[in-house]
Amino acid sequence: MTAAFRPVITSLLDTDLYKFTMWQALLHRHPQTQAEYTFVCRNVPQLPLATLLDEVNAQLDHLCTLRFRPEELAWLRGLRFMKTDFIDFLRLFSFQRDFIRAWAEGDALRIQAIGPQVHVMAFEIFVLAIVNELHFRRFDAAAALAEGRRRLADKVALLRDFTARPPRAHPFELFDFGVRRRFSGEWQREVVTTLRDQASAVFKGTSNVMLARELGLVPIGTMAHEYLQTFQALGVRLRDFQRAALEDWVQEYRGDLGIALTDVVGMDAFLADFDLYFAKLFDGLRHDSGDPVAWGEKALAHYQRLRIDAHTKRLVFSDGLDLPAAMRLYEHFADRTQLGFGIGTSLTNDCGLVPIQIVMKLTHANGQPVAKLSDSPGKTICDDATFLAYLRQVFGVAN
């Protein structure tokens, strides 16, 4: 490491809460799973990501030297849904460098993590934060931050105006979901601190565990696609993988962390599995692809069919939102159910530069392909056409 080296990640808490909640559930119930995670960029960056290769490798080297600090573990132990044995596991945990590699193919940056799932699943958010920050370090930071602050001030003003309107049946609640797509770690901290201090009436938490701890905020998050996708390769009938995943979650958390993700094989197939048992046990649902209004209407109709009062449930929207979109959804649904809005890129990387659309997704588990059949075109990641076709056939999802 040279004197010029600036680590992107300095704490293993600088990640999303749902990485810990999924990690704990999979460690307790399926610790033997082998997994493969693949990095993908969905758009064409202004600068080729391949030029970041040496810097990415240096950051990964550094990441693998980090350990959880005693004060961080003590804070995690204070979350009522974290089990003592999981905290003990984290006390011993460190990333293994030979489980992850990065290389260049032309202008493209390739990154792959392969190994025991409980040792590689946590790489995802750190890798995305590293690539984002290294990419945006190549632009004029002063100009970008000046523009970011101007836009952030506009957002605060918009929130204040919005909260001055007559109250609805349920409040507008906003969360920061911006770790993976942020301009930089320091900018995310500034955004979250500003919202905490200047928009506390509506800003209710962050998915960033480190910032939640340091800024006295509620950490937000339950599950992501990888949790449910893993169950496609755990020996249950493929048709039953969602039910198996939801049941394991219920048994692990016993009423905590009750927001279920719905779009691994599409909303219709999810609702077919989300019967009265699960609908009563889970507090609500999270939208992450497809038309959000149509999705919300399907969710409310489902609760109505099951004779469940939707006012006791929550719909969380988190698919590429900005504040105006969140406010439109709130206006549509606010008198019918509880709501939450998780905003990522539009909060933590709205600095006048073009964001890079990067993901790092679970692609194989136990040597088998896994996939999600997203409600949005272009979000499906799977290199096995035969498995995708079979998954679509099993769940009756059209191409």
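Only heavy atoms go into these numbers, but all of them, side chains included; no hydrogens, no water, no symmetry mates.
Classification of E147 and R150 as a salt-bridged pair holds, one side-chain N sitting under 4.0 Å from a carboxylate O. Salt-bridge check for E226 with K372: failed, with every basic side-chain N at 4.0 Å or more from each acidic carboxylate O. Using a 4.0 Å cut-off between charged nitrogen and carboxylate oxygen, D273 and R239 count as a salt-bridge pair. Between K298 and D268 there is a salt bridge, since a side-chain N of the basic residue sits under 4.0 Å from a carboxylate O of the acidic one. Salt-bridge check for R213 with E72: failed, with every basic side-chain N at 4.0 Å or more from each acidic carboxylate O.
Applying the 6.0 Å contact sphere to OH of Y390 captures no more than 12 heavy atoms from other residues, nucleotides or ligands. No more than 12 heavy-atom neighbours from other residues, nucleotides or ligands sit within 6.0 angstrom of NZ on K280.
Interatomic distance, CZ of R6 versus CD of E55, reported as 9.5 Å (0.5 Å rounding). In this structure, Q232 CD and C382 SG are separated by 8.5 Å, a value rounded to the nearest 0.5 Å. In this structure, Y18 OH and I259 CD1 are separated by 14.5 Å, a value rounded to the nearest 0.5 Å. Note: L79 CG to L17 CG = 7.0 Å, rounded to the nearest 0.5 Å. Here CZ of R29 is found 14.5 Å from OG1 of T230. Values are rounded to the nearest 0.5 Å. Once rounded to the nearest 0.5 Å, the distance linking CD1 of I130 with CD1 of I125 reads 11.5 Å.
A donor-acceptor distance shorter than 3.5 angstrom exists from the side chain of N208 to the backbone of L211, with no hydrogens or angles considered. Between the D263 side chain and the G266 main chain, no donor and acceptor come within less than 3.5 Å of each other. Checked by atom type and distance alone, the side chain of Q229 never pairs as donor or acceptor with a backbone atom of V264 at under 3.5 Å. No donor-acceptor distance shorter than 3.5 angstrom exists from the side chain of S11 to the backbone of M210, with no hydrogens or angles considered. Side-chain atoms of N132 come within 3.5 Å of backbone N or O of R180 as a donor-acceptor pair.
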- Task: Assess whether side-chain hydrogen bond (donor to acceptor under 3.5 Å, both in side chains) is satisfied between R137 and S184, documenting all intermediate values.
- Result: CA-CA 8 Å; R137 280 180 184 178; S184 70; over 6 Å; no
- Message: Between F123 and H119, does the ring pair (Phe, Tyr, Trp, His ring centres under 6.0 Å) criterion hold? Intermediate values first, please.
- Response: CA-CA 8 Å; F123 273 119; H119 286 280; 9.9 Å; no
- Show the numbers, then the answer: is there a salt bridge (charged side-chain N to carboxylate O under 4.0 Å, His left out) between K204 and E173? CA-CA 6 Å; K204 299 302 179 182; E173 296 188 342; 5.4 Å; no
- Could you walk me through whether R168 and D335 pass the salt bridge (charged side-chain N to carboxylate O under 4.0 Å, His left out) test, one step at a time? CA-CA 6 Å; R168 304 284 293 274; D335 292 327; 2.9 Å; yes
- May I have the step-by-step check of salt bridge (charged side-chain N to carboxylate O under 4.0 Å, His left out) for R286 and D288, ending in yes or no? CA-CA 7 Å; R286 179 163 75 90; D288 200 51; 3.6 Å; yes
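Using bins of under 30°, 30° to 60° and over 60° for the plane-to-plane angle, the ring pair F68/W23 lands in the tilted bin. Using a 30° and 60° split on the angle between ring planes, F86 and F89 fall in the parallel class, below 30°. The aromatic rings of F274 and F278 lie parallel to each other, their planes meeting at an angle below 30°, with 60° marking the opposite boundary.
Linking Ile, Leu, Val, Met, Phe, Trp and Tyr residues whenever their side-chain heavy atoms come within less than 4.5 Å places Y277 and L271 in a single cluster. In the hydrophobic clustering of ILVMFWY residues, with side-chain heavy atoms under 4.5 Å counting as a link, L66 and M121 come out together. V191 and I343 fall within the same hydrophobic cluster, defined by Ile, Leu, Val, Met, Phe, Trp and Tyr side-chain heavy atoms under 4.5 Å apart, directly or through other members. Note: the hydrophobic cluster containing L339 does not contain V316 (ILVMFWY, side chain heavy atoms under 4.5 Å, direct or indirect links).
For the residue pair N57/R97, the side-chain donor-acceptor check at 3.5 Å is satisfied. Counting only N and O atoms by type, the side chains of D319 and S289 include no donor and acceptor under 3.5 Å apart. In this model, a donor atom of one side chain and an acceptor atom of the other lie less than 3.5 Å apart for E247 and Q251. Side-chain N/O atoms of D248 and H28 include no donor and acceptor closer than 3.5 Å. For the residue pair T348/R181, the side-chain donor-acceptor check at 3.5 Å is not satisfied. Q304 and R307 share no side-chain donor-acceptor pair at under 3.5 Å. Side-chain contact, D176 with T206: a donor N or O sits under 3.5 Å from an acceptor N or O. No side-chain donor from either of W295 and E297 sits under 3.5 Å from a side-chain acceptor of the other. Under the 3.5 Å distance criterion, with hydrogens and angles disregarded, no donor-acceptor pair is assigned to the side chains of Q357 and R42.
For T38, the side chain to side chain contact (heavy atoms under 4.5 Å, CB included) partners are E36, V40, Q112, T363, not counting sequence neighbours. For S207, the side chain to side chain donor-acceptor pair (under 3.5 Å) criterion is met by D16, not counting sequence neighbours. In this structure E190 satisfies the side chain to side chain contact (heavy atoms under 4.5 Å, CB included) test together with R149, W187, T194, sequence neighbours excluded.
K19 is not listed as a side-chain neighbour of Q24, based on a closest heavy-atom distance of 4.5 Å or more. Contact of the Y227 side chain with the L26 side chain is registered, since non-hydrogen atoms from C-beta on lie closer than 4.5 Å. Side-chain contact between D107 and T51 is absent, with no heavy-atom pair separated by less than 4.5 Å. Using a 4.5 Å heavy-atom cutoff, the side chains of Q198 and R160 are in contact. Contact check for F231 versus H30: side-chain heavy atoms found under the 4.5 Å cut-off. Contact check for Y253 versus T21: side-chain heavy atoms found under the 4.5 Å cut-off. Using a 4.5 Å heavy-atom threshold, the side chains of V120 and I100 count as separate.
Nearest approach of N43 to P355, heavy atoms of both residues: ND2-O, 3.1 Å. Across all non-hydrogen atoms, the minimal contact from Q188 to G178 is NE2-C, 3.7 Å.
Sequence neighbours left out, the pairs with a member in residues 343-365 that pass salt bridge (charged side-chain N to carboxylate O under 4.0 Å, His left out) are R151-D350, K155-D350. Residue pairs meeting the ring pair (Phe, Tyr, Trp, His ring centres under 6.0 Å) criterion with at least one member in residues 323-382, sequence neighbours excluded, are F162-Y330, F172-Y330, F172-F341, F317-F333, F317-F341.
For R101 and W103, the positive end sits near the middle of the six-membered ring, less than 6.0 Å away and at most 45° from its axis.
H62 and F5 have their aromatic ring centers within a separation under 6.0 angstrom. Proximity of the aromatic rings of F39 and Y37 is defined here by a centroid distance below 6.0 angstrom, and this criterion is not met.
When hydrophobic side chains of Ile, Leu, Val, Met, Phe, Trp and Tyr are connected at separations under 4.5 Å, F177 ends up clustered with F175, V218, I220.
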